[in-house]
Participant: 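To start, I am sharing the structure in question, which I have written as structure tokens.
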Amino acid sequence: MTTLSERISQSAFDGSRLRVVLLLDLYDGAQNQFLEVYEHLRKQVSSVPGHISDELCQSIENPSQWLITSEWESAPRFLDWVSSEEHVASVQPLHGCVRDTRSLRFSVLRVTGKDSGPDAPLSPSSPGDDPGFGPDAATAHFGDRSGDRLQVAPRHGDGVVRHALTFTVKPGSEPVVAELLAGYTSPQARVDENTRLRRTSLFMHGNRVVRAVEVEGDLLAALRHVALQPEVRALEEAINPYLEQDRDLSDPGSARLFFTRAALPAVHHVAGAGREHADVRRHALIYPAKNGCGMELARLLAGQDETAVDDPANPIEASTLFQRDDIVVRLLDMRGPLDARPALTLGVEGGHKAAVLARLLDSAKDGVPTTDQEISRFLARSEMRLITDRRTPDQA
């Protein structure tokens, strides 16, 4: 069992600028085609809100290797773009000339140069009109959203990359799909000397499936490793007939499109220092946001978890938020029952958060939950059904 020695935190909501690094390996003879595609894509991206600049570089050692770096005002601006159908369509022409890609994302911590000191100026923290935080302690964690600031301080991680996939199955097929997902044989955890699978958690809510994975090392290498395992391929083929969105995993283009649309990135993770216990259980809550409100809803929940994580009485050991478009999933590792502190578990403890949540949720038909009983009912409707939760032997 891993022991947390210090507070773990990662977030897309700290307001710092974002640097995106895209490494590409081109097919032989595809350079001119690639440059035409890149020029068209560059013009599209330049008009996206939050985009600042791009640079295109070619390796001086291997001409087939290229590098694109882009700078964004903040991570949420980029994530909104990269999750959009517009982005999915715009990058399709790249697949005809690019053999392999790898995308890396970094918040900007320091800027140095001849005309600057070791740190670029930081804009003052300001809650602005953020409906999720307001003038409370959470603002101290994430500051404003102006996009002019750097990451305030280095964050502490645990060497784990978190990612999720989500998709829907045909109504009526849920029992069959749940049985298939619960019964598959786990793939080998060790990918290579630097990468291994740590944990896979599968949940369902209605006809929506969420698969959350934790990886030590290279996430892309781990996902490719898993996709090639016979037991996983057999599972994917078995659930194909029940998917609402058709896919052909034997066709690289079809498979790439499906998994691009299914990607559910982790936008926030926090875990308290040294508080891991043996009786912790994993839960998942789903929050269907109103159109265009997914990022704000995730920000609201992240603010509460950042504020509460250092409270010794907080039963939530760790919280991970996944968000894409208007789907928000909150993964909780908790001590005790889910409804021991229902407002905290739902993400609305303190202040006016319940009213804000009701305003952001697409499913809040009953108004604002105010009493513990109402919040508990709201919580029960949001809880996803655990299908399977598998860890490597040293994590069990």
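What you see is a predicted model; the values in this text were computed from it and never measured. Position 1 is the first residue of the sequence; numbering continues from there.
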Participant: Please work out which of the three classes, parallel, tilted or perpendicular, describes the rings of Phe258 and Phe167, given edges at 30° and 60°.
Facilitator: tilted
Participant: Is the backbone of Gln44 close enough, under 3.5 Å, to the side chain of Ser47 for a donor and an acceptor to pair up by distance?
Facilitator: yes
Participant: Verify the neighbour count for atom CG of Asn291: are there more than 12 heavy atoms of other residues, nucleotides or ligands below 6.0 Å?
Facilitator: no
Participant: Please determine whether the number of non-hydrogen atoms from other residues, nucleotides or ligands lying under 6.0 Å from atom CZ of Arg385 exceeds 12.
Facilitator: no
Participant: Out of Arg17, Arg77, Arg105, which one pairs with Glu71 under the salt bridge (charged side-chain N to carboxylate O under 4.0 Å, His left out) rule?
Facilitator: Arg17
Participant: Name the residue from His156, Glu306, His269 that meets the side-chain hydrogen bond (donor to acceptor under 3.5 Å, both in side chains) definition with Ser9.
Facilitator: Glu306
Participant: Are the side chain of Ser254 and the backbone N or O of Asp251 linked by a donor-acceptor pair below 3.5 Å?
Facilitator: no
Participant: Taking 4.0 angstrom as the limit, do Asp100 and Arg224 come out as a salt bridge?
Facilitator: yes
Participant: Please determine if Arg282 forms a cation-pi arrangement with Phe203, meaning its NZ or CZ atom is less than 6.0 Å from the six-membered ring centre and no more than 45° off the ring axis.
Facilitator: no
Participant: Is any NZ, NE, NH1 or NH2 atom of the basic residue among Glu214 and Arg391 found under 4.0 Å from an Asp or Glu carboxylate oxygen of the other?
Facilitator: no
Participant: Hey, are Arg155 and Ser107 close enough side-chain-wise for a donor-acceptor pair under 3.5 Å?
Facilitator: yes
Participant: Below 30° counts as parallel, above 60° as perpendicular, anything between as tilted: where do the rings of Trp72 and His51 land?
Facilitator: perpendicular
Participant: Does atom NE2 of His95 have more than 12 heavy-atom neighbours from other groups under 6.0 Å away?
Facilitator: yes
Participant: Is it true that atom OH of Tyr38 has more than 12 heavy atoms of other residues, nucleotides or ligands lying nearer than 6.0 Å?
Facilitator: yes
Participant: Do the charged groups of Arg233 and Glu236 touch, with an N to O distance under 4.0 Å?
Facilitator: no
Participant: Less than 4.5 Å apart, any side-chain heavy atom of Asp218 and any of Asn194?
Facilitator: no
